[in-house]
Amino acid sequence: KLSSNIDTLQTIPIIQLHKYQNILFNWSSFQYSADYRVNNFFTGSGQHIQLQEINLPLTIYGSLFDDYIKYSISENMYYAYVGYQNIDLNGEEDYYNFFRNFHKVDLYSDLAHPYSNFFHTLQLRATYNKPSYTMENGYVDSRISKLLSTKESIKEYIVFDAVNYFYDLAGKERLLYRVSQSIDLENREQKYGDIENELRLKLWNNYEFHTNIFYSYYGNYISSESSSVRYKNNGYNIKLTHFYKKLEEDIKSDSFTFSV
């Protein structure tokens with residue numbers, strides 16, 4: 001039990017400024033967005049830590065083969081600054097800088113076909129990520145480091161996605177089936193990530209079944225799964241959900257939840 005929370009960080013209201021996607025240099029295919037975020041943390045002993053973060057993606061959009069295949073190429077830049085006040089850093093710098101950028105290429109296509117009793121769409125996507133330049137200097141407090149999610153290593157990888165939608169003649173979605181496969185290009189021994197299969201089935205406007213399963217090639221087992229059955233009508237929203245996750249070789253998490 002903690003006797004005092006004098007050194008526990010308390011967050012002062014966050015300041016966030018966001019610039020939605022907009023055209024750059026009067027070129028409709030070249031767009032950008034920006035996100036600036038400031039967090040101020042204080043402790044009861046008077047310590048003050050300020051975290052400033054900037055996300056700036058620059059993206060070029062285009063298409064091939066009469067718009068059958070579309071693409072986007074982006075340069076994604078992230079910068080973080082941490083400043084310290086009223087903290088004994090034992091000779092460490094009273095600041096921290098972190099910068100990273102990575103390249104991202106997306107190829108995607110939306111195909112659609114009507115049938116006599118339903119309408120089918122197929123969305124195909126391939127995403128390629130490649131890390132580029134990383135720079136950091138100064139001192140980062142362990143309490144702040146865990147808040148820098150983008151500080152985690154970005155790997156070179158490819159993700160393939162295929163999503164099927166089936167609609168009835170009234171335009172209501174009845175079935176979704178999605179499969180996703182990632183490939184780690186830096187891991188030669190186990191380059192294939194868990195394959196993901198997602199299924200959503202809607203029946204009679206009131207019932208919905210949903211499941212999402214991850215399967216490990218190398219372990220030959222289901223690594224995680226969530227499934228739910230929902231009934232929604234006239235103010236009622238009843239849902240039964242099952243969660244499963246394989247944590248270690250002989251340790252599993254398996255539970256049900258029920259909500260109304």
Side-chain angles (χ1 to χ4, degrees), residues 1-2 5 8-11 14 16 37 39 108 110 117-127 129 142-155 157-184 187 189-260:
K1 182 178 180 180
L2 295 175
N5 65 349
T8 300
L9 290 178
Q10 304 292 327
T11 305
I14 298 169
Q16 184 167 10
R37 184 182 178 99
N39 285 280
Y108 49 98
D110 292 334
N117 295 320
F118 63 92
F119 186 81
H120 176 223
T121 67
L122 173 62
Q123 298 177 355
L124 301 172
R125 180 180 294 270
T127 302
N129 261 44
S142 60
R143 296 170 295 180
I144 298 298
S145 179
K146 60 185 179 181
L147 300 177
L148 301 173
S149 59
T150 52
K151 191 175 182 295
E152 298 177 0
S153 176
I154 296 178
K155 296 182 178 181
Y157 65 87
I158 298 177
V159 178
F160 296 99
D161 284 290
V163 186
N164 289 273
Y165 290 94
F166 294 87
Y167 302 89
D168 61 20
L169 297 180
K172 294 182 179 180
E173 178 197 317
R174 292 302 180 183
L175 175 66
L176 172 147
Y177 174 66
R178 181 175 68 90
V179 60
S180 179
Q181 175 65 66
S182 64
I183 301 176
D184 186 343
N187 189 340
E189 295 182 357
Q190 295 188 358
K191 63 180 181 180
Y192 295 107
D194 293 355
I195 188 169
E196 180 182 3
N197 286 271
E198 181 182 13
L199 177 69
R200 182 172 64 218
L201 179 63
K202 297 183 178 181
L203 301 172
W204 306 299
N205 298 322
N206 304 116
Y207 295 90
E208 178 183 308
F209 171 76
H210 178 264
T211 184
N212 200 17
I213 299 174
F214 291 82
Y215 180 81
S216 170
Y217 293 106
Y218 302 101
N220 293 321
Y221 56 72
I222 293 175
S223 56
S224 67
E225 172 268 342
S226 64
S227 299
S228 64
V229 178
R230 181 197 298 267
Y231 172 77
K232 188 176 182 180
N233 189 30
N234 295 330
Y236 291 97
N237 190 356
I238 303 172
K239 186 177 181 180
L240 176 65
T241 306
H242 174 249
F243 298 99
Y244 169 86
K245 186 175 181 64
K246 186 176 178 66
L247 302 175
E248 296 180 18
E249 185 63 29
D250 297 320
I251 302 177
K252 303 173 184 178
S253 173
D254 197 350
S255 63
F256 286 90
T257 63
F258 180 76
S259 62
V260 178

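Taking 4.5 Å as the limit, some side-chain heavy atom of Ile195 sits within range of a side-chain heavy atom of Tyr217. Counting heavy atoms from C-beta outward, Leu199 and Asn197 have side chains that stay 4.5 Å or more apart. For the pair His120 and Asn164, the minimum side-chain heavy-atom distance is below 4.5 Å. Residues Tyr108 and Gln123 have side chains not in contact (no heavy-atom distance under 4.5 Å, counting atoms from C-beta outward). You'll find the side chain of Phe118 stays beyond 4.5 Å of the side chain of Leu169, heavy atoms only.
Ala126 is linked by a side-chain contact (heavy atoms from CB on, under 4.5 Å) to Phe160, counting only residues two or more places apart in sequence or in another chain. Considering only residues two or more places apart in sequence or on other chains, Tyr221 meets the side-chain hydrogen bond (donor to acceptor under 3.5 Å, both in side chains) condition with none of them. Every residue two or more places apart in sequence or in another chain was checked for a ring-ring contact (aromatic ring centres under 6.0 Å, His included) with Tyr215, and none qualifies. With sequence neighbours excluded, the residues forming a side-chain contact (heavy atoms from CB on, under 4.5 Å) with Tyr167 are Phe119, Thr121, Tyr165, Glu173, listed by chain and number. Qualifying ring-ring contact (aromatic ring centres under 6.0 Å, His included) partners for Tyr218, counting only residues two or more places apart in sequence or in other chains: none. With sequence neighbours excluded, the residues forming a side-chain hydrogen bond (donor to acceptor under 3.5 Å, both in side chains) with Asn129 are Tyr157, listed by chain and number. Not counting sequence neighbours, the partners of Arg178 by the salt bridge (charged side-chain N to carboxylate O under 4.0 Å, His left out) test are Asp161, Glu196, Glu198. Partners of Ser223 according to the side-chain hydrogen bond (donor to acceptor under 3.5 Å, both in side chains) rule, which considers only residues two or more places apart in sequence or in another chain, are Asp194. Listed by chain and number, the residues in a side-chain contact (heavy atoms from CB on, under 4.5 Å) with Asp168 are Ala170, Lys172, Arg174 (sequence neighbours excluded). In this view, Thr127 and Asp106 satisfy the side-chain hydrogen bond (donor to acceptor under 3.5 Å, both in side chains) rule, not counting sequence neighbours.
Minimum interatomic distance between Glu189 and Asn187 (heavy atoms only, all atoms of both residues): N-OD1, 3.1 Å.
Distance NZ/Lys245 to OG/Ser253: 9.0 Å, rounded to 0.5 Å. Between the CD1 atom in Ile158 and the NZ atom in Lys191 there is a gap of 9.5 Å [rounded to 0.5 Å]. In this structure, CD in Gln16 is found 5.0 Å from CZ in Arg37, a value given to the nearest 0.5 Å. Rounded to the nearest 0.5 Å, atoms OH (Tyr192) and OG (Ser216) are 13.5 Å apart. Considering CG of Leu201 and CG of Leu175, their distance stands at 6.0 Å, rounded to 0.5 Å.
At distances below 3.5 Å, at least one donor-acceptor pair connects side-chain atoms of Asn206 with backbone N or O atoms of Lys232.
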Could you pull out all donor-acceptor pairs under 3.5 Å where a side-chain atom in residues 235-244 meets a protein atom, sequence neighbours excluded?
| unit_1 | atom_1 | unit_2 | atom_2 | d |
| --- | --- | --- | --- | --- |
| Asn237 | OD1 | Arg230 | NH1 | 2.8 |
| His242 | ND1 | Glu225 | OE1 | 2.9 |
| His242 | NE2 | Asp254 | OD1 | 2.5 |

